[in-house]
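In what follows, a single structure is set out as structure tokens and then discussed.
The figures that follow rest on heavy atoms only: side chains count, while hydrogens, waters and symmetry mates do not.
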Amino acid sequence: MTGTDVQKEAEDSGPSGYAAARLRLLTEETRFGPPRRSALAELTDEWLTGLFAAGAEGLRGASLVAVGGYGRGELSPRSDLDLLLLHDGGDPKAVAALADRLWYPVWDLGLDLDHSVRTPAEARKTAGEDLKVQLGLLDARHIAGDLGLTAGLRTAVLADWRNQAPKRLPELQELCAERAERQGELQYLLEPDLKEARGGLRDATALRAVAASWLADAPREGLADARRRLLDVRDALHLATGRATDRLALQEQDQVAAELGLLDADTLLRQVYEAARLVSYASDVTWREVGRVLRSRAVRPRLRAMLGGGKPVAERSPLAEGVVEQDGEVVLARAARPERDPVLPLRAAAAAAQAGLPLSLHAVRRMAAAARPVPTPWPAEAREQLVTLLGSGRPTVEVWEALEAEGLITRLLPDWERVRCRPQRNAVHLWTVDRHLIETAVQASEFTRRVSRPDLLLVAALLHDIGKGWPGDHSVAGEIIAKDVAARIGFDRHDVTVVATLVRHHLLLVETATRRDLEDPATVRSVADAVGSQGTLELLHALTEADALATGPAAWSSWRGSLVADLVKRVAAVLAGDAPDDPEEGAPTAEQERLALEAAATGSPVLALRAQTEPPAGQEPSGDPEPLGVELLIAVPDQPGVLPAVAGVLAMHRLTVRTAELRSLTLPDGVDGSVLLLDWRVAAEYGSLPQAARLRADLVRALDGSLDIAGRLAERDAAYPRRRGVVAPPPRVSVHPAASRLATVIEVRSQDAPGLLFRIGRALEDASVRVRSAHVSTLGANAVDAFYVTGPEGAPLPGDEAVSVARKLEETLRG
């Protein structure tokens with residue numbers, strides 16, 4: 001059936017015919033995107049025209065007007081209808097009756113309707129008071145009735161908008177900024193609102209309004225395609241969900257991708273991010289131009305008076321060779337020749353970032369069109385300008401985005417294309433891969449005084465996740481890419497090796513510090529062997545912190561920082577030729593020794609609770625003290641079942657374990673027995689912490705078997721079932737045979753949950769292995785725990801037995 005046939009069916013058959021024709025149109029596979037939106041608008045026009053004609057018989061001076069998205073002819077499957085019944089005020093009763101004849105059929109079909117009934121004067125008055133109404137009227141389109149009435153309103157509204165632009169545009173800009181603050185940036189969100197988030201459809205509409213003011217205009221190249229892409233995704237979302245929603249939820253992304261014929265949800269998100277990035281960049285440029293024009297208008301009368309009516313000449317201040325500042329932007333000098341100066345884009349970008357100024361759109365486009373490729377390997381100046389750009393701090397982000405918007409980044413660094421706009425499906429990460437790399441460079445710029453080679457630190461920060469665009473382990477792939485990039489930009493062989501090592505091992509320090517026993521010589525030596533030199537260790541320490549800070553708030557804490565610093569200190573000692581201490585010879589603190597001696601003397605557990613609001617020893621306090629919870633120290637005579645007993649008691653008392661360390665203490669000469677020391681950070685799930693005496697009493701009962709922890713936890717879970725949430729990946733348990741020469745290391749990665757550590761401890765106890773030390777940490781909702789275990793005789797487990805224990809533990813956690 002052709003579009004004309006569909007319209008005829010709707011016109012001939014009334015509301016039921018319109019509904020059938022609408023359904024037929026939305027299920028046609030041959031028509032989608034702009035043609036379908038236009039056809040749906042035309043079909044709806046025909047239907048409403050029929051309703052208007054039937055209800056307006058004998059009525060003059062009235063018209064039906066589409067506004068907003070419907071006015072633009074952009075109807076998505078579940079879009080509401082924005083309608084204005086315009087009249088000249090001559091016959092209010094007839095107009096009211098006509099309104100009923102129009103609105104009720106729309107409601108009867110279950111369509112959302114945004115409607116109003118106004119005279120032209122009332123419409124203009126309301127627009128003057130309500131910016132959103134005025135924006136809707138800018139897209140007013142005649143549907144039926146008195147064409148002259150509609151045309152008169154359109155002319156008046158546009159004239160009002162242009163006359164009031166100096167006042168209304170700043171108001172519109174503030175509205176956009178407030179919305180962005182509420183909704184976030186579309187180009188980085190895992191579940192974005194296609195309409196309201198920054199870079200979404202609302203911002204694209206705002207750019208149309210700015211253009212209609214004749215005061216400034218948005219960069220047009222690619223903008224229409226970006227807007228079309230966002231509308232196409234919204235159409236598919238409406239069809240996939242059957243709802244009028246603009247939020248692209250995770251559970252619907254695969255279906256939306258299939259509706260659009262895309263490979264998968266990641267491909268969908270990447271296209272959405274690319275479109276949003278273009279809209280965001282166009283918005284930045286446009287609002288900057290609006291500000292420049294408004295400032296110019298405010299200053300021009302005074303300058304003209306001072307200069308006797310002559311045209312003022314804009315001041316140009318030199319910033320670098322071929323680069324000047326003008327009107328608050330960085331532009332090219334009149335003598336600049338991009339076609340003869342391949343380093344000019346990097347020099348201009350570095351100058352802009354150092355000055356904290358934006359690069360002008362005209363300058364970036366001129367360089368993109370005319371600049372020659374940088375020779376390979378890069379000359380020293382190009383490399384230095386890149387390092388300067390990366391080390392400029394927060395201004396680097398805006399300048400980098402300007403270069404990327406015009407394709408200059410992928411021209412300079414071709415490998416960048418694979419990470420550009422690439423989503424990261426991990427709640428810990430705030431950014432796409434490419435933005436995370438820039439954020440890491442921004443954070444690393446704060447640490448350039450801590451390292452002897454800040455240039456290598458900044459380049460490694462830029463490249464550390466570059467392998468995420470390739471299959472397999474991104475650190476391994478990234479090492480290969482980093483070698484190539486570092487050589488291309490002109491580093492010598494030694495520096496190339498250092499950068500590649502930093503990329504390959506950028507996760508080594510934090511993973512080792514939080515998941516391995518730092519008292520074990522094998523742990524420290526393995527890190528020293530991987531790093532190789534003091535200088536590389538220094539750089540890796542700074543990169544580790546910058547990477548974590550750029551990831552998100554859940555990725556770094558005072559505790560993690562202290563553990564990494566401790567590991568770095570130990571590795572530095574090995575690299576300097578000093579052997580690490582034997583794990584059994586770690587000196588306890590005075591308090592730990594006191595508790596251990598008391599536990600040995602009494603033969604029962606001893607514990608102490610201490611508020612922990614200060615940073616650990618050796619770490620400088622931050623400006624914003626971090627709540628570290630409460631430190632729980634427990635000394636227990638060495639016996640089976642300590643780990644599950646302690647973990648179970650804490651779970652019973654609804655205490656969340658943030659970190660946990662367990663190790664065996666060597667008692668002074670003359671004191672018999674062996675004592676286990678547990679140093680844990682805990683926090684109450686809600687309410688206040690229990691008294692230490694209650695914890696100790698329950699722990700005594702748990703150790704002697706009179707307290708049924710498993711039964712108590714099961715009863716509580718049955719009484720208070722946990723809410724269903726996002727389905728977590730299954731737990732994974734692995735053995736790391738080379739991680740220690742004194743014990744077998746079993747690592748558990750699982751969704752964190754109450755009682756998890758109790759279940760792990762009990763499973764290890766049931767496997768008849770001894771937990772020599774434990775290192776427990778959480779990252780967001782994920783638990784990453786390492787257990788150093790031995791057999792009953794104190795030796796590492798044989799390989800087959802270790803694998804068997806790990807497999808049984810994994811089965812227990814899955815169950």
TODO: Show the numbers, then the answer: is there a side chain to side chain contact (heavy atoms under 4.5 Å, CB included) between Leu269 and Leu190?
DONE: CA-CA 8 Å; Leu269 276 186; Leu190 274 178; 4.1 Å; yes
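- Contact check for Thr432 versus Arg422: no side-chain heavy atoms found under the 4.5 Å cut-off.
- In summary, Glu404 and Arg411 do not engage in a salt bridge, as defined by a charged side-chain N under 4.0 Å from a carboxylate O.
- For residues 442-461, no residue pair satisfies the ring-ring contact (aromatic ring centres under 6.0 Å, His included) rule, not counting sequence neighbours.
- Put simply, the side chain of Arg270 gets close to the backbone of Arg420: a donor and an acceptor are under 3.5 Å apart.
- A salt bridge does not link Asp455 to Arg383: none of the charged side-chain nitrogens sits closer than 4.0 Å to a carboxylate oxygen.
- Using a 4.5 Å heavy-atom threshold, the side chains of Arg749 and Arg515 count as touching.
- Within a 6.0 Å sphere centred on CD of Glu181, heavy atoms belonging to other residues, nucleotides or ligands number 12 at most.
- The pair Arg277-Glu401 fails the salt-bridge criterion, with no side-chain N (NZ, NE, NH1 or NH2) lying under 4.0 Å from an Asp/Glu carboxylate O.
- With 3.5 Å as the limit, one finds a donor-acceptor pair spanning the side chains of Glu538 and Ser452.
- The pair Arg516-Glu747 counts as a salt bridge, with a side-chain nitrogen and a carboxylate oxygen less than 4.0 angstrom apart.
- With rounding to the nearest 0.5 Å, the separation of CD1 in Ile438 from CZ in Arg394 is 10.5 Å.
- If you take OG1 on Thr396 and CG on Leu458, they are separated by 9.0 Å, rounding to the nearest 0.5 Å.
- With sequence neighbours excluded, the residues forming a ring pair (Phe, Tyr, Trp, His ring centres under 6.0 Å) with Trp431 are Tyr188, listed by chain and number.
- One finds the CG atom of Leu509 at 11.0 Å from the CG atom of Asp547 (value rounded to the nearest 0.5 Å).
- Around the NZ atom of Lys468, the shell of radius 6.0 Å holds more than 12 heavy atoms that belong to other residues, nucleotides or ligands.
- Atom CD of Gln251 is surrounded by more than 12 heavy atoms from other residues, nucleotides or ligands within 6.0 Å.
- Rounded to the nearest 0.5 Å, atoms CG (Leu207) and CZ (Arg227) are 9.5 Å apart.
- Here the straight-line distance linking atom CG of Leu194 with atom CD of Gln183 works out to 11.0 Å at 0.5 Å rounding.
- When only modelled atom types and interatomic distance are considered, Thr267 and Asp264 share a side-chain donor-acceptor pair under 3.5 Å.
- Sorted by first and then second residue, the ring-ring contact (aromatic ring centres under 6.0 Å, His included) pairs involving residues 482-510 (not counting sequence neighbours) are His464-His506, His474-His506.
- With rounding to the nearest 0.5 angstrom, the CG atom of Leu237 is 12.5 Å from the CG atom of Asp232.
- In terms of the salt bridge (charged side-chain N to carboxylate O under 4.0 Å, His left out) criterion, Lys195 has no residue partners (sequence neighbours excluded).
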Open item on the list: Could you go through Val496 and Lys483, starting from their C-alpha distance and side-chain angles, then the distance that decides it, and tell me whether this counts as side chain to side chain contact (heavy atoms under 4.5 Å, CB included)?
Closed with: CA-CA 6 Å; Val496 167; Lys483 282 182 180 178; 4.2 Å; yes
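- The shortest side-chain heavy-atom distance between Glu545 and Arg450 falls under the 4.5 Å cut-off.
- Checked options Asp415, Leu413, Val419; the residue passing with Ile481 is Asp415 (criterion: side chain to side chain contact (heavy atoms under 4.5 Å, CB included)).
- Listed for the Arg347 side chain is no donor-acceptor partner under 3.5 Å among the backbone atoms of Ala320.
- Under the rule for a salt bridge (charged side-chain N to carboxylate O under 4.0 Å, His left out), Glu321 has no partner lying at least two apart in sequence or in another chain.
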Cut-off 3.5 Å, no hydrogens considered: what does the side-chain donor-acceptor table look like for residues 198-206, sequence neighbours left out?
unit_1	atom_1	unit_2	atom_2	d
Arg198	NH1	Glu185	OE1	3.1
Arg198	NH2	Asp284	OD1	2.5
Arg198	NH2	Asp284	OD2	3.1
Arg202	NE	Glu196	OE2	3.0
Arg202	NH2	Glu196	OE2	3.3
Asp203	OD1	Arg179	NH2	2.4
Asp203	OD2	Gly199	N	2.8
Thr205	OG1	Leu201	O	3.0

